[in-house]
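Down below is the structure, laid out as structure tokens.
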Amino acid sequence: NAGVTQTPKFQVLKTGQSMTLQCAQDMNHEYMSWYRQDPGMGLRLIHYSVGAGITDQGEVPNGYNVSRSTTEDFPLRLLSAAPSQTSVYFCASSYSGENTQYFGPGTRLTVL
Amino acid sequence: KQEVTQIPAALSVPEGENLVLNCSFTDSAIYNLQWFRQDPGKGLTSLLLIQSSQREQTSGRLNASLDKSSGRSTLYIAASQPGDSATYLCAVDSNDYKLSFGAGTTVTVRA
């Protein structure tokens, strides 16, 4: 199993550009989520999904969209990038019968 | 809203010393608490998960305790090694898989 994979590893955007951060898992986990990590702060939940076709907002959803058309994939879209979205983004997945969450390696995003 | 605090923010110890990392949370109605390790520029690796009904969990040199009533968890790492140098994150699940994280404790073990 590859576990949770994220692409790209690094990305630089200009203010106003849009992009999609990819997340995939091959463990057949129902639950997937996106977090952002900023210096000196804990990870904060952006959006989450409890299964294909079901998504909901977390603590800091503004400026981000998600969709979940398959169990495996959970992309995060930045609609119009802003410097405040400069951060490291982590995707996580979990199986409903097991509380442990598995994290991807992260995407480091810089918005100029 | 669940608030999670980790003190100290950074810790430096000589090799062989035992490590004690603290985590406190404001709402005792939790499902579980998880400790993660994060190496620089890397993702999070789960170390231990304690269910709300448990008092502690152990894995090798690691032991984590949970006192729900006082809103505290402690991660003990016995006989620290330079390879234990990393940032340790505490995360509380109080709402169906939605984790609330502390800011972490960065540990340096000096050889």
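The chains referred to below are lettered A, B, ... by the order of the sequence lines, with proteins before strands, and numbering in each begins at 1.
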Task: Heavy-atom pair count under 4.5 Å with chain A, highest-scoring of B/Gln38, B/Lys1, B/Lys42, B/Gln6 - done: B/Gln38
- [ ] Tell me whether B/Leu11 is reachable from B/Leu47 by hopping between hydrophobic residues (I, L, V, M, F, W, Y) whose side-chain heavy atoms are closer than 4.5 Å.
- [x] yes
- [ ] Could you tell me which portion of B/Leu44 (side chain, backbone, both or neither) has an atom closer than 4.5 angstrom to a non-hydrogen atom of chain A?
- [x] both
Task: Verdict with reasoning, A/Glu59 to B/Lys98, per side chain to side chain contact (heavy atoms under 4.5 Å, CB included) - done: CA-CA 10 Å; A/Glu59 181 186 354; B/Lys98 295 189 279 290; over 6 Å; no
Open item on the list: Quick check on the hydrophobic clustering: are B/Val4 and B/Tyr31 connected, directly or via other members, by side-chain heavy-atom contacts under 4.5 Å?
Closed with: no
TODO: Could you state whether A/Leu43 and A/Val4 fall into the same hydrophobic cluster, counting links through intermediate Ile, Leu, Val, Met, Phe, Trp or Tyr residues with side-chain heavy atoms under 4.5 angstrom apart?
DONE: no
TODO: Heavy-atom distances under 4.5 Å only: say whether A/Thr100 touches chain B with side chain, backbone, both or neither.
DONE: both
- [ ] Indicate the atoms forming the closest heavy-atom contact of A/Gly40 with B/Ala103, along with that distance.
- [x] O-CB, 3.6 Å
Open item on the list: Is B/Phe36 in contact with chain A via its backbone, its side chain, both, or neither, using a 4.5 Å heavy-atom distance?
Closed with: side chain
Task: Same apolar cluster (I L V M F W Y, side chains within < 4.5 Å links), A/Tyr48/B/Phe101 - done: yes
Enumerate, atom names and distances included, each donor-acceptor pair closer than 3.5 Å involving a side-chain atom of residues 10-18 of chain A, sequence neighbours excluded.
unit_1	atom_1	unit_2	atom_2	d
A/Thr15	OG1	A/Leu112	O	2.6
A/Gln17	OE1	A/Lys14	N	2.7

- [ ] Name the option with the most non-hydrogen atom pairs under 4.5 Å to chain B; the candidates are A/Pro39, A/Gly42, A/Gly106.
- [x] A/Gly42
Open item on the list: Using a 6.0 Å cut-off, check whether atom CZ of A/Arg44 has over 12 heavy atoms from anything other than its own residue.
Closed with: yes
Open item on the list: What part of A/Gln6 gets within 4.5 angstrom of chain B, counting heavy atoms only: side chain, backbone, both, or neither?
Closed with: neither
Open item on the list: Membership question, hydrophobic clusters at under 4.5 Å side-chain separation (ILVMFWY): are B/Tyr88 and B/Ile50 in the same one?
Closed with: yes
Open item on the list: Could you report the tightest heavy-atom contact between B/Gly41 and A/Arg108, atom names first, then the distance?
Closed with: CA-NH2, 3.9 Å
TODO: Measure the CG-CZ distance between B/Leu89 and A/Phe103 for me, rounded to the nearest 0.5 Å.
DONE: 9.0 Å
Task: Interface moiety of A/Leu45 toward chain B, non-hydrogen atoms closer than 4.5 Å - done: side chain
Open item on the list: Could you check whether any side-chain N or O of A/Tyr35 sits under 3.5 Å from a backbone N or O of B/Leu99, counting only pairs where one atom can act as donor and the other as acceptor?
Closed with: yes
